[in-house]
Each structure stands twice: as structure tokens, then as C-alpha cells.
Amino acid sequence: MSGTGIGARIERTEDKRFITGNGRYTDDINLPGQVYACFVRSPHAHAKITDIDVKEALALEGVVKIFTGKDMEADGLGGLICGWMVTSKDGEPMKAGEHPPLASECVRYVGDCVAVVIGESREVARLGAEAVSVSYEELDAVVEPAQAQNQNAPKVHDGIDKNLCFHWQLGDKDATDAAFDKAAHVTRLDIVNNRLIPNAIEPRAALGDYNPGSGDYTLYTTSQNPHVERLVLSAFVGIAPEHKLRVVSPDVGGGFGSKIFVYAEETACLWAAGKIRRPVKWTAERSESFLADAHGRDHVTHAELALDSDGRFLALRAHTVANLGAYLSTFSSSVPTYLYGTLLSGQYDIGAIHVEVEGVYTHTAPVDAYRGAGRPEATFVVERLVECAARETNKDPVELRKKNFITKFPHQTPVILNYDIGDYNACINRAVEMIDYKGFDERRKGSQTKGKLRGIGFSTYIEACGLAPSSAAGSLGAGVGLWESAEVRVNPTGNVEVLTGAHSHGQGHETSFAQLVSERLTIPIEDITIVHGDTASVQFGMGTYGSRSAAVGMSAIDGALDKVIAKAKRIAAHILEVQPDDIELADAAFRIKGTNKFIPWGELALNAYTAHKFSTDEIEPGLKETTFYDPTNFTFPAGCHICELEVDTQTGCVEIVDYVAVDDFGTIINPMIVEGQVHGGILQGIGQALLENGIYDVESGQLVTGSYMDYTMPRAHDAPPLRLDFTKTPAPSNPLGIKGCGEAGAIAAPAAVLNALTSAIGHEGISMPATPAKVWRSIQT
Amino acid sequence: MYPFTYHKASSIEQAQALLDVSNDSKLLAGGQTLIPTLKQHLASPGTLVDIGKIESLRFIRVEKANVVIGAATPHAQVANDKNLVQKIPALASLVGKIGDPHVRNVGTIGGSVANNDPAADYPAACLALGATIRTDKRSISADDFFTGLFETALVEQEIIVEVAFPVPALAAYEKFPNPASRYALVGVFVAQVEAGVRVAVTGAGANGVFRMTEMESALVNDWSADALEGILPSVDSLLSDLHGAADYRAHLINVMAKRAIAQTC
């Protein structure tokens, strides 16, 4: 096989158009007669809307139309939904507050949409939005979940006591308590998992279009899952029936989870396009992205780990308060529950686990999945506990981990998941060797002579990816199946189009998916096109998140390739007058095994369509196959990340001087792309650990970190040298053995960095982000 | 942006005339503060008079014991100027660390000094070196020029023409950047000039850039980092925000001052 198949480190074919400015993003698309939307947003965290006066705005030249929530209600539109049902421990379903795309009675966070002004230009729309006069009756707001749980706290939604959406639990409480009772040592930690603001480089955008002739709607938007977007907008919001709505998600500049969700803005643009019969475009300004993209994380947790006298983990328990923000976003309820609690066994054989999670509404932007989604929060709890337990019991953190690692598979954890394969010792052994753990004490002394504190920290993480076996997801409350579809179209001239329901927004699918096809069909990668992101082309798909696209999406392609190859062999057998079993596909030709008789790939493709040389009674013409693939289990990528850092005691600055990551992603298609995914993930993890923090003012409910002046995005300057390696235990739950790699870095890194930092400063009393000011204060005596 | 009329001036005289035409006009130099402000609808001048393109204001020349920089000279040109690098390397280095390459290619010394952002770098250099800000009307010493947060001694329609920096015997600048914005959370410029030892602090003062006279006195007798041990400004005079409380900034002023001195030793 040429060097473009599975395992080949080839450059990304899509990069040429991106780096030459030829990407085609939503905002690049312009339609005749297009107008622009600007949203009137709430300046208050909590207020009653008493009046909306649009007269002055409507009088402005170029303002086309203004819609409010009342207009949408009058048109019978439904609210935005949360697609994952979580049940509280008392058996009650979660309490989902209403979520109208445009608020008409009450605003619930700063940035909540109140009206949409449509103008002939962006500037006119914006001037119009400023001219809309909204009268508010300001109400007290609450942004901290702990305060929101007070009986007399301001209520985000009427009728929801203590702002509690759900009080969920997982695991065996009695068994866990019993194990704690006989523990020789208990490690206790209070943990804050800081709120993050996603900051994809391309802001969210939407262009709604309506064809009055056919009654068809088209929505161009920045979505990680266009089919789910269409399903929600048709079945729940009710803008148009599914067959009359096309959603196109063209090139998308990063998502990190924030573009999974169905938001108010694209809903309003699409609906308004139908009302005024002109295309309506909106592109977020960066300040809107800060205010109104779904945020990530924001947990407060108390966690405990019970050990016996030998250092074996007996049990783990955690109580987490998760800030959900003002509304339930599309998948927000699943993140602090099933994507979090199920991972609390980490890589360890822990006899009993019990976790309780209170999901609480506050007057802040909705919180939903952000790179890792629940799994970084779980890893941070487990790995901080383990590191602290090692320190408290004077055990080596590596040895304590190894003593408790799961080594026999399959392994049923006490929190639903059944780990199918892994080799955790292989990862940690390699990582420890790479970082020269033995030499750490010497390096620490060297740092001391420079007046610096040096620390080393470990993070042996696990994640559940390849989301997900549909029946399992359904039993946990998912409102959708989590399979993936693929269609392989071989054209008469022999080149191939592959339609996938996965969506690439930076992951490089157009390259890595084509590598699989090149490998299987033995044809050049130049002859393969990956088609995604358009509901009019791709029959259905569940989109890209949860590190699922390779494990699930490529498995679907693999299944379709099986069918294509089988059919092509039948055709070849007819033409060559042998049995299909006698045919092999190699070097772009169908050959009778053991002979030099063959049909070239292109000739076979043409024959499939001319249908002259086989009986169409026996074989249908054409060469196109579809597969819907549902995985049999989650996949379980795992690895060991080790961070070594120095602290400048005079300033509190932290410098990561070495970072080693050894990951087991099963089969790797393109090592360069996978390394890039790990690099990016680690940088986001370092961002969470040291830099990023979404802060709301406790009194006013204003977003304090609403721009790059105050929200610290990681920069090139913050990127340490990263040294990567991989181990491999192929996933048994999919035909390719792929586990997924997109989130690993963001999951592993925060714990590795904080474990290193606390190792350096000699105490555990510091929270993320460990800014220089915070570190400096924590080391003052 | 709100609509406005844009005029590109080709000389100071033309700029003055254009300013006279309208009473809600504003000067535009590199625009690195003003343009984002306009984009956010936080300002709505009716007229912008662009003096950033006036060729005669783009220069760096040595004038006796001074290096004089034209008001419209972009940071990148200043940072890389051979004469400046030789005469006042601390200033060239400071300018080379303003913002990012984009900002340095567009932002100008005149704009920075006139804006007097409390976290900007240039004001520290002006104050510590005892620079003179020369306008179309007069010359103003740095000590008199910077009067408060975003406040200067400039009067309506007064245009900065150039800034003259005395060449110091020794000078150094140490900046502790705000982790988010990369502006100075604390920046300390130390200098030995003919007028004596001068220490200026940016990023931290509740009233903008200020001199640390206590440090200056200590350094007159003993130009060493040790001489600064324990010399901290009062926290009452310092900014406090989510990136650094006043006591942290006070501490950093001491650390940065010592590091600046250490650079020169």
C-alpha cells in the first residue's frame, strides 16, 4: 500500500484551503437580498421585562423588522430543549425551566436574548438594537450555586425550589459508607473546577434562508451536528418539518463542544427568514461569544478516598454541586451526571463508589459540554485524591497508583462502565521513563539553587469515548441514539465520495477518514472526497463530540466499505468468471488469487454502472453502500501524563519545564493529527489549570471576564515543550480498534499540572486557575 | 462603529485646520486604543483627524544628549532603530515588548503617550528618563505631563509632535505582564540620567504612572538590588483588580525594580 493508509503521518489535505484563506465558513456565505440580525441582549442578570418599545428603532432607515419573544410565541414556536433526561435520587425527573429563544417575561442572565433587530446592514441592525427600549424591573440575582440553594435565594425559574434542577446519585451508598468505616486512612479534598469559556476561533454564526416557492428552509450554521440541529428545530421548536429544513454546517473554525448545542440565535435567524422572506445572517461578535456561548465545567466538589493500611483503595465518595447556568442547554444535564459520575473509578480497582450531584440553576450563561465534558472534572477529583493520598500516607505516587490499577479485563466498575481493555502499567512505566522520574530529586535541588520550587505531578486518566452504544445511552436518559452513519459512493470513473454524519471542525476528518478508505480500497487518497455537514447530502448523522468520530464514524465507513468491496468482488467474479471468494482487492485491482488476471479498480467501477457484463437480476447496478453503525461499548482511552514545573517564589509565576504524555488510543490512523489533538487538548488543560476563569460579579451578576483583557486564553508563550508517546491496546468494541483522542489532553492535564504545583509549593490549598497572584499568596508565610 | 467623517492629515498645520472645522473631532494616530473603542460603540466622535500618516512625524533622530522620536513613529520602527538600540537600549527593549507584532507595526508613541493608559509601557520610560513631550504649542516635561488615569496636560486640540528622551548613563525596564491582556500589571523603569536617579512605575498606580522617590533616594547612594530591600509603595496608592490585589502589586514593584537594577549591574 502507498504511504497514505492507516498509520501514515501525512499532511492534512484540508489545510491548503484553510491556510490560503479559501475556507468557506458560514459568514463567507452571502445570499441575494440578505439582511442582518442583531440581538438585543439583557444587560441585567435577572429582571422582569415590563415593556419593549421598538418604535424609535423601527423608524431608523434600514431597519427592516424587529421581533420579540411574543412574536415567536404567537407563531406557536416551542422553546429550546435539553435532550437528556436525568432523574433525581427521589425518582423525580429533573426540573427543566422554560427556555424561550427570545425572553418575553423575564431575563435570566446577562446576554439573554430579548429581541432581534433585522437591518439592511450589520451596522444598521446594531444601531436598531441600541434604539430598542426595553423596560426592566430589576430583580436580585444569584450566580453562586451554593447561594442559589438557599431557601430564600432569588429563583431562576418559578416553582423550582432552591433552584435545584436535579439531585442525582450513582453507586452504592451503603457499601461505600461501610468501606469508609473500616478505612485505615481517608483523604479528603475540597475541589473547585473552574468555569471555562470556550472561545472557538470562529464565533458562532447563522444564515437562515426561506424559499417561498417550495416552502423549504435552509440554515447555514456553525454546528458540530447539523442533523441534530435540524431534528430539534423541526420536532421541538417547530419552525419547519424535517423534510422542509436543510441544515448546512460548512467549514467550522473550532467547536470544543460549544457548537453542539441549538441556540437562540440560529433559531431566531431561521424563523425570521421565513417571516420576512429574506435571508437573515448573524455572526457573533467576540463579546457575544463570551456572554452567550455555553460555558464549561463549574463544579464545586467535596471528595473522599478510603484506603486500607496497605494503601489499597477501598472506596470513593463525592458530593458535587454543578452550576447549570440559567437554562438547561441541549445536553447540559448529562455532563455533570453520566459523563462525570461514571468515570470516578479512574484506572483503579475501587470496591465501592458513591457520588451525589446537585444540578443548580444560577443567573449565568448556560453550562454544557466543553472538551472532555464531565470527564475532566472526574479525572481531576480522582487524580487529586490519589496524589494527596500518596502524600498523606508517605507513599510514592507512582507505586500507589500501580498498586491500585485495574489489570484484568473486562472490568466492571461500581459506576456503570465496563472497561473492556487497557494496560495502565504500560503507560505509566513509559511516562516515568521518559520524564526520568528517578532524576527528579536532583532536578529539584538544581531548581532550589536558582531560588525556585520544583514539582512533579501525575495524572493517570481514563475517559469513556466513542459515544455511544445507543441502547446504553437511552437507558441513561439520552433522547437520541448515538450510532453513526456512512455512505460510500464509488463513481463510474472510480473516484469515491464518502458521506459521513460526523462533522469536522478542525479535527482533520477529510484526511484521516480518507486514509481509511485509501487503505481499504487500495486507491490513491487524491481520488477520495469526504462529504460532511449538509443534511441534504448526508442521510443522517449524530455529529462530532465526545471523541466519537474515529471510533464510531470511521467504523460506519468501514462497514460501508465492507459492503462496497463485497459487491465489487461479486461483479469482478462475474466478469472474470470465477467465484467471489477467488477475488482479492490489492493495488487498486480485483485479481483472481494466485493469477495475473485482474480488473483495474476504475474499470470495475465503470462496469458497475454500465451493467453490461453482469446480470442485473442477480446484482443491482451501481456501487454505493450505506451503513448505520452502533458501537457495542464505549471505548476507554487512557494514559499517563506527567508535568514538571518550577515556581518563581518572588512572583508566583509557574513555568512548566517538562510535560510527558503517554496515551493509549488503540489504533491510530494519522499520528500527526493525533499528536495535534493531544497538543491542543493539553494546552486547553493547562489553560484551565493556570489561566482561564469565567467570573461573574456576585452582586451584579455581570460577567467580569468578558474579553481577552480579563479572560486569560493560553498563548504560544504558555505552551511548554510537550513530549508524547503512545501505547496500544486496540479497542475490542469496534472493527478498527480505535478509542478516540480528541479530549484526552484536556482531561488529563489539569490534574497533572495541579499535582505538580502542589508538589512544588508543599500544600494542597490552591485552586484552579493557579494564577501568579494566587500562587504567590499561597506561599506567603 | 457609529458613522463619522474621516480626514487624513498630511501635516500638523492641516491637522490643526481640520480640528478647527468641527467641535466633536478626535485625533487618530495608530488607533490601537481608539479603533476598538469605536467598534464597541464606546465613543462617537463626529470627525476623526488621522495624524498617524504624517510623514514628518515619523522619525528617530539623535539631538545632542537626547534621542527624539516623532509622534507618529510606530513601535516596531522605534524598537529596531539602530541609534536608539545603541543609545537607550532599555527604551528600545521596552518598545519591542508592547503588545504584539500587529500592535507594534501600527501603534505610535504619540498615541500611547497621549492616551496615558495606566498599564501602558511608554509612560514609565518617559517619566523615568525625564523625557520632554513637545507639542505644536509648547514643551511639557514628563513630570508635568501625566496627570492621572488616561489624563494628561494636553489641552483641547493640542497635538504631540515629538518626544525627546535624554540618553541615560544606565537604564532598564522590567515588566510583569497581566496574564490576560499582556499589558503591564507592574512595569518598573529605572534610570540614571543627568537629573539624577529616577524610578517610574506603570501598571500599578491608582492614578497612573508614578515615581518611586523612596527607591530613587536609596539608589543614589547604592545602585544595587539590595538597596531596594523592603522598599514598597503604600497599597493605598495602588490598583487592585482580579489579576492582582494592591499588596501583590506592591510586592511586584519591589521585585521588578530589583530585577531592573540587576539588569544594569
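In this structure, chain A has heavy atoms under 4.5 Å from both the backbone and the side chain of Y248(B). Of the atoms belonging to R259(B), it is side-chain heavy atoms, and not backbone ones, that fall under 4.5 Å from chain A. Proximity to chain A involves both the backbone and the side chain of H41(B), based on heavy atoms less than 4.5 angstrom apart. Residue E123(A) touches chain B through its side chain alone, counting heavy-atom pairs closer than 4.5 Å. Proximity to chain A (any heavy atom under 4.5 Å) is restricted, for K39(B), to the backbone atoms N, CA, C and O. Residue D648(A) touches chain B through its side chain alone, counting heavy-atom pairs closer than 4.5 Å. For D241(B), no part lies near chain A; criterion is any non-hydrogen pair under 4.5 Å.
One distance of note links CG of L27(B) with CG of L34(B); it measures 9.5 Å at 0.5 Å rounding. Taken from OH in Y708(A) to CG in N199(A), the straight-line distance is 3.5 Å, to the nearest 0.5 Å. Put simply, CZ on R104(B) and CD1 on I98(B) are 8.5 Å apart, with the number rounded to the nearest 0.5 Å.
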Inset, instruction - For L129(B) and R198(B), run side-chain contact (heavy atoms from CB on, under 4.5 Å): C-alpha distance rounded to whole Å, both residues' side-chain angles, the deciding distance at 0.1 Å, then the answer. - result: CA-CA 7 Å; L129(B) 292 169; R198(B) 292 169 68 100; over 6 Å; no
Inset, instruction - Begin from the C-alpha positions of F4(B) and L38(B) and carry the test side-chain contact (heavy atoms from CB on, under 4.5 Å) through to its verdict. - result: CA-CA 10 Å; F4(B) 56 83; L38(B) 295 177; 4.1 Å; yes
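Options I695(A), L690(A), L127(A), T651(A) differ in how many heavy-atom pairs under 4.5 Å they form with chain B, and the most are formed by T651(A). Most heavy-atom pairs under 4.5 Å with chain A, from the set H251(B), R249(B), M1(B), M256(B): that is H251(B). With chain B as partner, the option from D710(A), T771(A), D718(A), T705(A) having the largest number of non-hydrogen pairs under 4.5 angstrom is D710(A). Annotation: maximal heavy-atom pairing with chain B below 4.5 Å, among H717(A), E285(A), M713(A), E130(A), occurs at E130(A). The residue among R777(A), R122(A), R715(A) with the most heavy atom pairs within less than 4.5 Å of chain B is R715(A).
Using a distance-only test at 3.5 Å, with no hydrogens or angles considered, no donor-acceptor pair links the side chain of D81(B) to the main chain of Q77(B).
Counting heavy atoms from C-beta outward, T202(B) and Y173(B) have side chains that approach closer than 4.5 Å. E229(B) places a side-chain heavy atom less than 4.5 Å from the side chain of K258(B).
Aromatic ring orientation, H75(B) versus Y122(B): tilted (interplanar angle from 30° to 60°).
Of all non-hydrogen atoms in G694(A) and Y711(A), the two that sit nearest each other are N-CE1, 3.8 Å. Here the closest heavy-atom approach between residue K53(B) and residue Y6(B) is recorded as NZ-OH, 4.4 Å. The heavy-atom pair separating A204(B) from I253(B) by the smallest distance is CB-CD1, 3.8 Å.
Proximity to chain A at a heavy-atom threshold of 4.5 Å picks out nothing from residues 209-223 of chain B.
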